[in-house]
Structure formats: C-alpha cells, structure tokens
Amino acid sequence: MKKIILTVLVISLVVAAAGLLFANGSQESSIYGQGQGQGQGLRDGSGRGAGGGMGGGRGNGAGQSAAGNGAGGAYGYEEGFAGDMQVLLNATEKESVDAAEADALAYMREEEKLARDVYLALYETWNIPVFNNIARSEAQHMDSIKLLLDRYGLEDPAADSAPGVFENPELQKLYDSLTEEGRSSIVAALNIGATIEDLDIKDLQDALAESDNKDIGILYQNLMKGSRNHLRSFLRQLDRENESYEAQFISQDYLEKVININQETAPIEDPDYVF
C-alpha cells in the first residue's frame, strides 16, 4: 500500500511540473531590460509574453510556450504603458518642435484613435476579446501622445471627439472602410487588425526618421513596440483560423522578425533603438 501511495505521489508531482512548464514556456535569448541574461518567457495562454531578466528586469527577448495559441485573458493588453511613458518622457528635456514634428504628433494621435475606434466597433460585432483588449492599449497610446501635445502646447485633433469621428478626412475614410470590411467575417476583422498595426508601424518609422527630438523618439519607439505586440496578437488569432498574413506596409523581413520574437515588454529608453 505504501508503494502505491508513493507511486501516485510521484506521478502527481510529474504532472504538476509538466503543467507548470506548459504554462510558463521557456526563453533562451538574452533579456533586454533592467537585467540581462537568461530568463523565462511567461505565457499564460492568453497570448501575453514577458521576460523575467536576472535582477527582475522585464525583457524583450524571444520566448516559446506550448500555451502560445491559447485565447482569453488579457490577450493583447499592455498594462501600464502610459505610466511608463510618463516616467520616461518626464526624464527628458523639453526641446523645440518644428512644424513637421507637430503635424506628425497630431496625425499619430488620430491614427492611434483610428485603431482604438475600429477595434471597439469590431468587438461589438464579433465579441472577440482581442479587439477589446487592444482597444484599451490603443487608448493608452493616445494618452501617451497627448503628453507631448500638452508639453509643447499643440492642438489636440482628438479632443472630445466621439468614437468614429476624425478631424483628418483620410483617417475618416479609412475608419469607415475598415469597419465595414471588418464586419464581413471574423477572418476579415482579424486581417483588418493586422493591417492597422502594419500601417501604424510604417507611419511611426517615417515620423521617427523626420524627428531629432529625444522625447519624440522615445515615444515613437515605444508606440512601435506596442504595435509589434498587437500585430503578434492578431497573427496568433489568424493562425488559429488557419490564415496567414503578408506585410502590406512594412517589409516582409520586418514582419518575419516580429513573428520570430514572442513579446516585447520592457520600455525602450533609447530613441535610436534598432529592432
């Protein structure tokens, strides 16, 4: 009888350890964050990824997990993004802003609103958590851009505007067409999500190239990081639908790099960061 009990206990411990491994996955690449070295890529089945660097730093490394295609939870949501940006931007000196930089900040404020509003509309249609979660992240992106609009006394094109209403006529047309197309099917909706993040990354790349302000550069780098994470979330969902996505605005090589990195979580402090 003691032998049977011991055997059952050993099996239970093995199963528990396997379950933990399945949930946590592994990460073999270096962690970029407050600590560097080996860490764990945590994936709880909701699609969230994080790197725990030595010393407790958050990481931007590649991770793998058997739970990678799970759904639910806070899939795609970036908790604390706006707070991180406020800390980083407050630590930089105020610089002069030229007309091109001011126009780009105003445009990106509305483009982030475009993403938020489209995702909210598609969430109402399909009730898929990824749209609601990423919409919440896009609201934080909007808030982060507003920090610099306020810092430099620039007009806010998204002030007090209702969902689906845009000052920029091109963004208004884009919102109308994307929401209509996204309501045609779940796959179309997920493709719309991937397309928006694809476009957002390209526009941020262009805006970053036209600015030499440290605070603007840091903000754009982190917005791109967020868009890469959102793109990964939509690609995972498309994969579950046995669908693939091809780059439309960024390069295919860039897209492949996005795919091959599990998740980025550490705030980017270098305006010249190269992904």
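One is the number of the first residue; the rest follow in order along the sequence.
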Student: For P267 and D84, which heavy atoms make the closest approach, and how far apart are they?
Tutor: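 Between these two residues, the closest heavy atoms are CG-OD2, 3.6 Å.
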Student: Determine yes or no for a side-chain-to-main-chain donor-acceptor pair under 3.5 angstrom, with Q86 supplying the side chain and L147 the backbone.
Tutor: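 Flag not set: sc Q86 to bb L147 has no pair under 3.5 Å.
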Student: Taking only Lys NZ, Arg NE, NH1 and NH2, and the carboxylate oxygens of Asp or Glu, determine whether K202 and D206 approach each other closer than 4.0 Å.
Tutor: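 Yes, this pair counts.
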Student: Quick one, E111 with N168, criterion side chain to side chain contact (heavy atoms under 4.5 Å, CB included). Give me CA distance, side-chain angles, the key distance, then yes/no.
Tutor: CA-CA 9 Å; E111 187 166 279; N168 185 295; over 6 Å; no
Student: Taking all heavy atoms of K113 and all of S161, pick out the closest pair and write down the distance.
Tutor: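 Closest heavy-atom pair between K113 and S161: CE-OG, 2.8 Å.
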Student: Taking L235's backbone N and O only, do any of them form a donor-acceptor pair with D239's side chain (distance below 3.5 Å, no angle check)?
Tutor: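 Pair absent, no side-chain N/O of D239 close to backbone of L235.
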Student: Between K146 and D150, does at least one N-O distance fall below 4.0 Å, as a salt bridge requires?
Tutor: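 The answer is yes: the pair qualifies as a salt bridge.
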Student: Would you call K214 and E93 a salt bridge, taking side-chain N to carboxylate O under 4.0 Å as the test?
Tutor: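 No salt bridge links K214 with E93.
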Student: I'd like to know if the side chain of Q252 pairs up with that of E256 as donor and acceptor (distance under 3.5 Å, no hydrogens or angles considered).
Tutor: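 Looking only at side-chain atoms, E256 and Q252 do form a donor-acceptor pair, the distance falling under 3.5 Å.
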Student: Spell out, as yes or no, whether a donor-acceptor pair under 3.5 Å connects the side chain of Q172 to the backbone of G164.
Tutor: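 Checked: pair present.
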Student: Kindly say whether Q263 contributes a backbone atom to a donor-acceptor pair with the side chain of N229 at under 3.5 angstrom?
Tutor: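 Checking the backbone N and O of Q263 against the side chain of N229, no donor-acceptor pair under 3.5 Å is found.
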Student: Please report the shortest heavy-atom distance between Q221 and Y273, naming the atom on each side.
Tutor: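 Answer, listing the atom of Q221 first, then Y273: NE2-O, 2.8 Å.
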Student: As a test of understanding, state which of F234, Y175, W126 forms a ring pair (Phe, Tyr, Trp, His ring centres under 6.0 Å) with Y119.
Tutor: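 Testing each of F234, Y175, W126 against Y119, the sole residue satisfying ring pair (Phe, Tyr, Trp, His ring centres under 6.0 Å) is F234.
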Student: Minimum heavy-atom separation for A189 to G182, with atom names?
Tutor: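 Closest approach of A189 to G182: CB-O, 3.3 Å.
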Student: So, for I128 and Y123, which heavy atoms are closest and what is the spacing to 0.1 Å?
Tutor: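 Smallest interatomic distance, heavy atoms only, reads O-CD1, 3.2 Å.
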Student: What do the steps show when you test F166 against L174 for side chain to side chain contact (heavy atoms under 4.5 Å, CB included), and what is the final call?
Tutor: CA-CA 10 Å; F166 299 86; L174 193 57; over 6 Å; no
Student: Is a donor on one side and an acceptor on the other found under 3.5 Å between the side chain of E110 and the backbone of E167?
Tutor: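 Here the side-chain-to-backbone pair exists.
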Student: For E264, is there an ion pair with R232 - N to carboxylate O distance below 4.0 angstrom?
Tutor: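 Counted as a salt bridge, because a side-chain N and a carboxylate O are separated by less than 4.0 Å.
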Student: Just so I know, are the side chains of R151 and D215 near enough to count as touching, which here means a heavy-atom distance under 4.5 Å?
Tutor: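 R151 reaches D215 side chain to side chain.
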Student: Taking the side chain as every heavy atom from C-beta outward, state whether T92 and N213 have any pair of such atoms under 4.5 Å apart.
Tutor: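 No, every pair of side-chain atoms sits at 4.5 Å or beyond.
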Student: Between I216 and E101, is the side chain to side chain contact (heavy atoms under 4.5 Å, CB included) condition met? List the steps.
Tutor: CA-CA 8 Å; I216 293 176; E101 290 171 326; 4.1 Å; yes
Student: Could you label the plane-to-plane angle of the F275 and Y254 rings as parallel, tilted or perpendicular, counting under 30° as parallel and over 60° as perpendicular?
Tutor: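 Tilted, since the angle between the ring planes falls between 30° and 60°.
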Student: Before you tell me yes or no, could you show the steps for L120 and F131 under side chain to side chain contact (heavy atoms under 4.5 Å, CB included), namely the whole-Å CA-CA distance, both residues' side-chain angles and the distance that decides it to 0.1 Å?
Tutor: CA-CA 6 Å; L120 288 175; F131 288 114; over 6 Å; no
Student: Hey, are Q248 and T195 close enough side-chain-wise for a donor-acceptor pair under 3.5 Å?
Tutor: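 Yes, because at least one side-chain N or O of T195 sits under 3.5 Å from a partner of the opposite role on Q248.
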Student: Just by modelled atom types, is the E180 backbone N or O under 3.5 Å from a matching donor or acceptor in the S184 side chain?
Tutor: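 Checked: no pair found.
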